[in-house]
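Take a look at the structure set out below.
Throughout, a chain's letter reflects where its sequence line sits, starting with A, and its residues are numbered from 1. This structure is a prediction, so every number in the text was calculated from the model and none was measured.
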2 protein chains.
Amino acid sequence: MKETDEIRPILPSPQSVDAMDRRILAVLVEDATVSYAELGNRVGLSAPAAHERVKRLKRSGVIQRMAALIEPNALGKGLLAFVHVDTRGWGKTPALMAVAGYPEVEEVHSVAGDACMLLKVRTENTHALEGLLARIYDAPGVLATRSYVVLSTYLERPPQPGVTASWPMPKALLPIENAQ
Amino acid sequence: MKETDEIRPILPSPQSVDAMDRRILAVLVEDATVSYAELGNRVGLSAPAAHERVKRLKRSGVIQRMAALIEPNALGKGLLAFVHVDTRGWGKTPALMAVAGYPEVEEVHSVAGDACMLLKVRTENTHALEGLLARIYDAPGVLATRSYVVLSTYLERPPQPGVTASWPMPKALLPIENAQ
DNA sequence: TTTGAACCCTAATTTCATTCGGCCATTATG
DNA sequence: CATAATGGCCGAATGAAATTAGGGTTCAAA
């Protein structure tokens, strides 16, 4: 994980995220209101040391920001849907990007597969979803949309710091070689 | 460490979220590290008044929690994908729900449409995605999966407090009557 | 060996969260 | 109409937390 035999740039950015950083991130992703003293003794550091690392993680961009996560139902946005948008030509048109201005639109991705663009939207009701879809259809080059309305959400969380080191072998599949 | 401001999980507060609350939320969704004094004079309140409202928003569950938002690329999770899972029978099986235990899985929804379940996953690479898909296929009742690998993300943000009051009329559609 | 950088610590200082008491409003209530 | 009672706000005080300061230790390069 640490590569000390490589060149050591003096630049502040390419600093590696070590195990201690991951433990800090694991705490802060769950609860960003802990005091540095509390954070420190959860990961085994003093308050200033924890603070120093958090500052570094922010500076280097690993921590983008601290945010309040709100309950959409409490704010009248009870309808969640994923919208696949098929476009002719290049999907990322300015008109289509303009829908990102609506607070109902939470995500806009271009994807590989049979859909060009994929949107995650959260509206008050089906009527508002229809209004949003109408805006999408108005964009030139939009051929069709397919909407997947969410019935129940079983898990929804921001990016996690953890990674699964080794995946269990599936029952029915044994690869010939473990390339890479 | 005194706990006079304990967050009670009880939510018998039928109090509505007014315009001032929305303005507070708009600030905190963007940056949860502002001091109450700063928050106060951004929305036009004193520090204790702003504090009081934030406490109420937390108690009532409108603010679920404060969280650090991290940059997945910096943590070696550069591959984002949406996985549609077709199942026979009821999709929400314990085996399928078990994949929610992996930190790579960020969202699990059941959806209306031709897919029963929809997952948002973020892995290190395609190999790890394959490992995760193998776990999904191992769940009984899983007929097929379709994966949409994200090429570019143009927008990705947590739920926003704002709602669009009135949707612009689409060019090509004029309803006969404005019901409701 | 020396130097410098990276890391950590304890202790001091300053900033801020939190509490407290009081001041209007609005809304029941006698 | 008068009078509580309530809800929401403010300014000031207090206590906790963030932040800074001043070394110690280790490790690796000069």
Donor-acceptor side-chain pairing of B:T164 and A:E104 below 3.5 angstrom: yes
Residues that, via side-chain heavy atoms closer than 4.5 angstrom, fall in one hydrophobic cluster with B:V150: A:L80, A:F82, A:V111, A:L118, A:Y148, A:V150, B:L80, B:F82, B:V111, B:L118, B:Y148
A:L79 vs A:T126 side-chain heavy atoms within contact, under 4.5 Å: yes
Euclidean distance, atom CZ of residue A:R56 to atom C1' of C:dC7 [Å, nearest integer]: 10 Å
side-chain N/O A:R53 vs C:dC7 OP1/OP2, d < 4.0 Å: no
Closest approach of A:N73 to A:G78 (non-hydrogen atoms, all atoms of both residues): OD1-CA, 3.3 Å
Heavy-atom side-chain contact between A:I70 and A:L75 under 4.5 Å: yes
Separation of atom CG in A:L45 from atom P in C:dC9, rounded to whole Å: 5 Å
Sub-4.5 Å side-chain heavy-atom contact between A:E107 and A:L119: no
Length of the CG-C1' vector between B:L39 and C:dA17, whole Å: 13 Å
Using the 3.5 Å cut-off, write out each protein N or O paired with an N or O of nucleotides 18-25 of chain D and the distance between them.
residue : atom : partner : partner atom : Å
D:dA18  : OP1  : A:Y36   : N            : 3.2
D:dA18  : OP2  : A:Y36   : N            : 3.0
D:dT19  : OP2  : A:H51   : NE2          : 2.7

